[in-house]
Amino acid sequence: MNRRNVLQVLAASSVASLAGCSNVPGMSSASVESMETTVENGQAALSFEYSIGDYGTALFEGPDDRVIAETRIEPDHTTSSLSVGTLEAGEYELLIRQDGDTVTSETLTVEGPDPLLSNIDSSWTYNELEQVTVEIENVGDVPVYVEEALFEISDLDPSEWVNTYLDAGESRAIGIDGGIEIDTSGTTGGSVSVTTAAGPVTGEFSHELAPASLKFTSIEPNWDGNTLVDVVVTVRNAGDVPTESQATATADGDELDTTPTEQFDPGQSEELTLRSFGTLYEATSGGEAEIDIVVDSPSGSVSETISRDIDGAEISLDTISTGWESGRLVRVSARVSNSGDLEATPSATVLFEDSEIVDETLTIPADETITFPLIDASSTYDDAYGVWSGGQKEVTVELDQGDGTVSETDTKEFDGLETDFSNIGTTFFSAGYDTDDVELSRVNFNVRNSGDVLLTYDSVEIEFGGASRAEDLYSPKTLLPGSSETEYWSPVDNIVVSPGEEDLAILLLRDGDEVARTTTTVTAE
């Protein structure tokens, strides 16, 4: 018989109406009105209702007539209970005695406890078994003692001490803490055993662990123009078991960097930084730069390609500036911008009066603007930078990147050369004893540059008395605007003239060309 653990006996009008009851003459009347097995304060008990006229004793006997439990009962009470433990199948008797004699009894037929596992559930966080929950049910008709529950998995056997009774028809969930990590993917199985007074009850459970699986969470390249400084790769293990991995960056088949091997727990995200000493990658030409990112692991690899459009060097000549001092070009600077992603190395040419006076190579980093001093001649002298005539003078700066030329021109207006001769003196000597003629042996004069250009000459020529003589200077002389020079000129071949007034012309020459002249009248004597 499979029934709940309540076995109830309804009292009749006399004790004789109860099955198995005997009435002893001269004894006070007693009866058992109902009884049931239950669990009280964690112990299996037989509780019963009774009536009795005087004090007595209640005894509970097993099938072998062994007294399992007894208790004192009083006429002032109607209920009592006995601790009985787990009852096996069979017939039991509750007897009430007074003065050593049984005054009444009642038979309890027991089919016995019947524990079983109705449900087994395992709780996992990725590869960690956190807990196994066992649902145990007593489908018998009397309580059963449950001692311990344990599970076994991967040669480990955590257990949970239960130490309680399970009433008839009662079920209870028992949680067994695990804290066990399984590092192998696939189906993982375990067994469960619950120790009861009615014998062990067992069951099995299983769980499927997905293999390690790497997923890119993010890839963050750090570009500086055409230079890839580093790449921060965030990878997540989307599987249920641990793995290890490393990231590698390659470009055009060449390995750029490989990270150290990192351990990845399931569900964990990890940052892997690809960098090198200085620069991870530098594009040397315009176009699309591609870098392959691969993350390898024993369970497989994932890859992604990052790219960037690289703008070639793009230069512009923003402005040029010129500086002039005393008829000379002393400074030329150029402000140059490179709006591309690559370093620019254009050739820079400075043209002055259509003559090339500077030719050099500039270096402009990507996305920078630099002012270059192409000429700084304030403390030096170079004929190439001088102005000797009036008019508009042009300075042009040209930049040639190889695929085209950009240029800027600056101009300055000059009035031209003006000279002032002063303090002109002559020295004559007699040409001989038998003539009145005289010889011009020396001319001295002062010349001042009163214009705004340079006065440069390398010889002095004198025209006098229909003759001319030119004498080269030891070295060319240059007079800056506002400066002057005194010259003392003596011809190798003297000029002989008759005494009297004569026109004297003084010429300053440069490379045989006249650059300045003055004429005055002197008296030859």
Side-chain angles (χ1 to χ4, degrees), residues 315-338 344 346-362 364 369-422 446-461 473 475-485 505-519:
I315 61 170
S316 61
L317 181 55
D318 301 333
T319 59
I320 67 170
S321 176
T322 58
W324 304 83
E325 290 180 5
S326 302
R328 297 176 61 240
L329 176 64
V330 293
R331 287 181 300 277
V332 176
S333 62
R335 185 174 183 269
V336 185
S337 297
N338 178 10
S347 62
T349 302
V350 179
L351 301 174
F352 178 40
E353 296 284 68
D354 296 328
S355 296
E356 182 180 299
I357 57 175
V358 171
D359 185 6
E360 63 177 274
T361 299
L362 309 181
I364 310 104
T369 298
I370 300 177
T371 298
F372 293 93
L374 301 176
I375 293 176
D376 186 0
S378 58
S379 60
T380 62
Y381 181 84
D382 191 326
D383 279 351
Y385 307 147
V387 179
W388 289 274
S389 62
Q392 192 176 70
K393 307 301 177 183
E394 292 186 347
V395 177
T396 300
V397 176
E398 293 181 349
L399 297 182
D400 187 356
Q401 180 66 13
D403 56 356
T405 300
V406 293
S407 64
E408 287 288 332
T409 299
D410 192 22
T411 61
K412 183 173 177 62
E413 187 77 25
F414 289 89
D415 295 333
L417 180 63
E418 292 186 12
T419 55
D420 294 327
F421 290 86
S422 61
N446 180 270
V447 60
R448 182 178 182 275
N449 182 358
S450 56
D452 58 359
V453 297
L454 299 177
L455 169 60
T456 299
Y457 57 98
D458 54 22
S459 65
V460 177
E461 183 177 340
L473 303 180
S475 62
K477 293 183 179 180
T478 296
L479 299 186
L480 303 179
S483 64
S484 60
E485 181 74 17
I506 302 173
L507 292 77
L508 302 182
L509 307 178
R510 178 188 179 194
D511 296 331
D513 296 326
E514 179 184 314
V515 294
R517 169 194 287 266
T518 188
T519 301

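As the structure is a prediction and not an experimental result, all values here were calculated from the model.
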Could you give me the CA-CA distance, side-chain angles and deciding distance for E418 and V453, then say whether side-chain contact (heavy atoms from CB on, under 4.5 Å) is met? CA-CA 8 Å; E418 292 186 12; V453 297; over 6 Å; no
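- The structure places OG1 of T478 at 10.5 Å from CD of E485, a figure rounded to the nearest 0.5 Å.
- Shortest non-hydrogen contact noted between T396 and S407 is CG2-CB, 4.2 Å.
- With a 4.5 Å cut-off on side-chain heavy atoms, D400 and P346 do not count as touching.
- For the atom pair CD (Q392) and NZ (K412), the distance works out to 11.5 Å, reported to the nearest 0.5 Å.
- Side chains of Y385 and L454 form no contact here, defined as non-hydrogen atoms less than 4.5 Å apart.
- In this structure, T371 contributes its side chain and R335 its backbone to no donor-acceptor pair below 3.5 Å.
- Under the 4.5 Å side-chain criterion, counting only non-hydrogen atoms from C-beta, V332 is not in contact with V358.
- Across all their heavy atoms, P481 and G327 have their closest contact at CG-N, 4.1 Å.
- Put simply, the side chain of D420 never gets that close to the backbone of V447: no donor and acceptor are under 3.5 Å apart.
- Closest heavy-atom contact between D458 and R510: OD1-CA, 3.6 Å.
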Worked verdict on V336 versus D318 for side-chain contact (heavy atoms from CB on, under 4.5 Å): CA-CA 6 Å; V336 185; D318 301 333; over 6 Å; no
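- Contact annotation: the side chain of V397 approaches that of L374 to within less than 4.5 Å [non-hydrogen atoms, C-beta and beyond].
- F421 contributes atom CZ, which lies 9.5 Å from atom OG1 of T519 (distance to the nearest 0.5 angstrom).
- With a 4.5 Å cut-off on side-chain heavy atoms, D376 and V330 do not count as touching.
- A heavy-atom distance below 4.5 Å is found between the side chains of I375 and V350.
- Here K393 contributes atom NZ and W388 contributes atom CH2; the two are 10.0 Å apart, rounded to the nearest 0.5 Å.
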Would you please test E360 and F372 for side-chain contact (heavy atoms from CB on, under 4.5 Å) and show each step? CA-CA 11 Å; E360 63 177 274; F372 293 93; 5.9 Å; no
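- Between the side chain of N449 and the backbone N or O of L479, at least one donor-acceptor pair lies under 3.5 Å.
- For the pair R328 and A377, the tightest heavy-atom approach, listed with the atom from each and the gap, is NH2-O, 3.5 Å.
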Given side-chain contact (heavy atoms from CB on, under 4.5 Å), test L399 with I315 step by step and report yes or no. CA-CA 9 Å; L399 297 182; I315 61 170; 4.1 Å; yes
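- Using a 4.5 Å cut-off on side-chain heavy atoms (C-beta onward), V515 and Y457 make contact.
- In terms of modelled atom types and a separation under 3.5 Å, the side chain of D410 and the main chain of S321 share no donor-acceptor contact.
- Minimum heavy-atom separation, L509 to E514: CD2-CA, 3.6 Å.
- Between E394 and T409, the closest heavy-atom pair is CB-CG2, 4.1 Å.
- We find the CG-CD1 distance between L329 and I357 to be 5.5 Å, quoted to the nearest 0.5 Å.
- By the 4.5 Å heavy-atom criterion applied to side chains, L351 and V395 are not counted as neighbours.
- Between E325 and R331, at least one side-chain N (NZ, or NE/NH1/NH2) sits under 4.0 Å from a carboxylate O, which counts as a salt bridge.
- Counting only distance, with no hydrogens or angles, the side chain of N338 and the backbone of I364 share a donor-acceptor pair below 3.5 Å.
- Put simply, CD on E398 and OG on S347 are 9.0 Å apart, with the number rounded to the nearest 0.5 Å.
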